[in-house]
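This is a predicted model, so every value here is computed, not measured. The chains referred to below are lettered A, B, ... by the order of the sequence lines, with proteins before strands, and numbering in each begins at 1.
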Number of protein chains: 2
Amino acid sequence: MRLPSQTTVPARSGTQRSAIAEGILDAAERLAQTRGFNGFSYADIAAQLSVTKASLHYHFPSKADLGHALIERYSRVFAQALAAIDAHTEDAGEKLKRYVRLYDDVMSSERMCLCGMLAAEYATLPVAMQDELRSFFDANERWLTDVLEEGRRAGRLTFRESARKRAQAVLGALEGAMLVARAYGDVRRFRSTAAQVLADLGVERPRAAHA
Amino acid sequence: MRLPSQTTVPARSGTQRSAIAEGILDAAERLAQTRGFNGFSYADIAAQLSVTKASLHYHFPSKADLGHALIERYSRVFAQALAAIDAHTEDAGEKLKRYVRLYDDVMSSERMCLCGMLAAEYATLPVAMQDELRSFFDANERWLTDVLEEGRRAGRLTFRESARKRAQAVLGALEGAMLVARAYGDVRRFRSTAAQVLADLGVERPRAAHA
DNA sequence: GTCTATAGGTGGATAGAC
DNA sequence: GTCTATCCACCTATAGAC
């Protein structure tokens, strides 16, 4: 992890950053997702990348800068994943299954959703990070709301209350399931809850795979 | 755990502790529930209680000791609350409503469930705290499982899957709802999700109060 | 039981050479 | 861009007087 000269990374959309900065973010992201934003230091990143702390400060002057970049990138990647889902299928049930799979992938790498993690540390975060954190949840909520609304209209999903409130409930349930499951180091625990969230919406259980 | 002279506090069940130690735990608990276990220091507690840090170390030598006492007390009080619910009603739906109210009370004091908070910091906690944390969730899961099982048997509740899995899903959903709602400083957001969790189990929405 | 004083370590962050 | 060296604030924890 040490590519000094050129940059290699296209990164057409959003903020461009050097490959080195991306590597720092990769390490910081993993630490933040496992230990929390207050649970790691520049020294931890430096050790993993075999560079000095001072070097890290060149790329991200303050930890608040690092945290900002962390959420910004995470939100951007997540938004791309949601766009990819939209591009892949029109079916609300299938969209939700794929949405759940995004969380499942995070859990499978023995991490917690970055923003779920930061939500716990909310009170200790710089104001900028607090705002960006809510924006992440807002974006998730909007996407879920649209999917739920459309799914209900198409007779694919069933639920009472507004789509928005249901979206909030789904988001919270998945975040909470990750949170608790991680204490048991048991992905199945998350999957079990996720399956129930989908079932409660009327999404049938997957019996056979359908490409 | 160090009770020199008398104690003043009745505390018939469980570990006895001085009134001073209880005061320290009160302050530490609030800090842990708002900022996380890694988000506060002995200095924070000392400032709130107008004593010195050294004084705190007399009652809780290490922070691990403090954390242990924190979970132990929280679990004990929670268990008593569950016992009180059991003593008050036989109806599974009513039990669940009261269970939700326990969480609602925590949220209303602008806190997060202590153990939900600690679950986020899981990887950074002393092993003893990790074990006690899982015990807390286990106890919740057992109680919920019994209530769900009984409620279904009595035709009061409806759900597929095993009661145990449903219990895990309910617990996770409530913890996650608290987690996210706190970022918005909005208790209603928690209540909305909690109501849906109950509704999905077939618990009717409360129309009129019934003492 | 509480205090002062302090040890020993780590946190984020900066200066300036290379 | 990365390094060495360093600053200072803060952390947990202890010694010993009162």
Undergrad: Nearest-Å distance, CG (Leu56(B)) to C1' (dT12(D))?
TA: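 Checked: the CG to C1' distance equals 12 Å.
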Undergrad: Does Phe159(A) have Arg152(A) sitting over its ring (NZ/CZ under 6.0 Å from centre, angle to axis within 45°)?
TA: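 The answer is yes, since Arg152(A) meets both limits relative to Phe159(A).
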Undergrad: Got a list of side-chain donor-acceptor pairs under 3.5 Å for residues 171-181 of chain B, not counting sequence neighbours?
TA:
none

Undergrad: Nearest whole Å is fine: how far is dG1(D) C1' from Arg17(A) CZ?
TA: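 Taking CZ of Arg17(A) and C1' of dG1(D), I get 17 Å after rounding.
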Undergrad: What is the separation between atom OH on Tyr58(A) and atom C1' on dG1(D), rounded to the nearest whole Å?
TA: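 Rounding to the nearest Å, OH of Tyr58(A) and C1' of dG1(D) are 6 Å apart.
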Undergrad: Compute whether any side-chain donor of one residue and acceptor of the other, for Asp138(B) and Tyr184(A), lie under 3.5 angstrom apart.
TA: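 The answer is yes; a qualifying pair exists.
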Undergrad: Would you call Arg35(B) and Glu121(A) a salt bridge, using N to O less than 4.0 angstrom?
TA: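 No, no charged N to carboxylate O under 4.0 Å.
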Undergrad: Look at Arg166(B) together with Glu141(B) and state whether they make a salt bridge at an N to O cut-off of under 4.0 Å.
TA: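 No salt bridge links Arg166(B) with Glu141(B).
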Undergrad: Do nucleotides 11-18 of chain C as a string where each nucleotide becomes B, S or -: B if the base has a protein heavy atom under 4.0 Å, S if just the sugar-phosphate does, - if no protein is that close.
TA: SBBBB---
Undergrad: Does Thr52(B) have a side-chain nitrogen or oxygen under 4.0 Å from the phosphate oxygens OP1 or OP2 of dT2(C)?
TA: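 Answer is no, no contact under 4.0 Å.
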Undergrad: Quick test of your reading of the model: are Glu149(B) and Arg164(B) salt-bridged, counting only N-O distances below 4.0 Å?
TA: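 Salt bridge flag = no for Arg164(B) with Glu149(B).
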Undergrad: How long is the line joining CG of Leu49(B) and C1' of dC3(C), in whole Å?
TA: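 For the pair Leu49(B) CG and dC3(C) C1', the rounded distance is 15 Å.
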Undergrad: Just how far, in rounded Å, is C1' of dC3(D) from NE2 of His59(A)?
TA: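 Result: 12 Å.
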